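One structure below.
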2 protein chains.
Amino acid sequence: METHAKEGIEKWQDEQFLEDTAELLKALAHPSRLKIVGFLASGKKCVKHIWEALDLPQPNVSQHLSVLRNRGILGYKREGSIVCYYIKDKRVLELYRNLTQED
Amino acid sequence: METHAKEGIEKWQDEQFLEDTAELLKALAHPSRLKIVGFLASGKKCVKHIWEALDLPQPNVSQHLSVLRNRGILGYKREGSIVCYYIKDKRVLELYRNLTQED
DNA sequence: TTAAAATATTAGAATAGTATTATAAATATC
DNA sequence: GATATTTATAATACTATTCTAATATTTTAA
């Protein structure tokens, strides 16, 4: 009576887990993308607000947003002429809090 | 009466934090390195044991170990002719557990 | 001191990630 | 429709990462 297919297998033996998780971490493993995630941790923000607040060139931010969006970390919503991004993957919020907490 | 220098500043505004954290994540953001960390999560292991258990070429593992070691994630101890690695950075254990916990 | 075992390093080619610049697309306003 | 604003995409040059194969280093034991 197995309730899960991979019961008893350690996570590090699950190649799918390793690849997916590495992809997730890779997406976060850049100062600017981490900055974006940190900025979005307090809520949804529009693109212009993001690149102005973070003091980064607009196309650069747009590219980083697309990395985060394509890996399912961010979601977005068009609101008229502006586009607003938010953190979609709850695990990422947890991870970010984990990384920012003082020891 | 400030007890910390950077009080009141959000973490995402701290460029040093962003760079350090991105480096940490980058070191973990590879399937084989994640696999090594997962294997070491249960305790110290010697190099041969690592590359045999993980079914990876010896020089490859050695290179990955050096990445993890250089970034302070792993520590090691020579014991006679063999070298044993262990997880030195406690944050990484927390991160790994965070990543492996089921939702 | 030589040989074997364990681990590390190096060199090279292939691939991937990045910033910058320029341009395109979508929407809103006039 | 013309124009301004916002965001995305493309092209390029540059740098970094990765794997593989070969070789070096360290330790132990014969």
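First the proteins, then the strands, lettered A, B, ... as listed; each starts at 1. Side chains included, hydrogens not; waters and symmetry mates left out as well; all remaining heavy atoms used. For clarity, every value in this text was computed on a predicted model and none was experimentally measured.
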In terms of relative ring orientation, are H64(B) and H30(B) parallel, tilted or perpendicular, with 30° and 60° separating the classes?
tilted

Counting only heavy atoms and a strict 4.0 angstrom limit, can you tell me which residues of residues 79-86 of chain A come near DNA chain D?
S81(A), I82(A), V83(A), Y85(A)

State, yes or no, whether a side-chain contact exists between V92(B) and L24(B) at a heavy-atom distance under 4.5 Å.
yes

Near DNA chain C, counting only heavy atoms under 4.0 Å, which residues of residues 45-65 of chain A show up?
P57(A), P59(A), N60(A), Q63(A), H64(A)

With distance as the sole criterion, is a donor-acceptor pair present between the side chains of Y76(B) and R69(B) under 3.5 Å?
no

First and last nucleotide of DNA chain C touching chain B, 5' to 3', heavy-atom cut-off 4.0 Å?
dA6(C) to dA11(C)

Within-4.5 Å side-chain heavy-atom neighbours: K35(A) and E10(B)
no

Would you please confirm or rule out a distance under 4.0 Å between OP1 or OP2 of dT6(D) and any side-chain N or O of R78(A)?
no

Under the side chain to side chain contact (heavy atoms under 4.5 Å, CB included) rule, collect the residues that match up with E52(B), sequence neighbours excluded.
K48(B)

What is the distance from CG of L28(B) to C1' of dT18(D), rounded to the nearest Å?
17 Å

To the nearest 0.5 angstrom, please state how far the CH2 atom of W12(A) sits from the CG atom of L18(A).
9.5 Å

For P57(A), enumerate each residue passing the side chain to side chain contact (heavy atoms under 4.5 Å, CB included) test, keeping only those at least two apart in sequence or located in another chain.
P59(A), N60(A)

Taking T100(A) for its side chain and Y96(A) for its backbone only, find out whether a donor-acceptor pair lies under 3.5 Å.
yes

Distance, rounded to the nearest Å, where N70(A) contributes CG and dA8(D) contributes P:
11 Å

For E79(A), all residues meeting side chain to side chain contact (heavy atoms under 4.5 Å, CB included), sequence neighbours excluded
K44(A), K77(A), I82(A), C84(A)

With a 4.0 Å cut-off on N to O distance, would you call E94(A) and R97(A) a salt bridge?
no

How close or far is atom P of dT17(D) from atom NE2 of H30(A), stated in whole angstroms?
11 Å

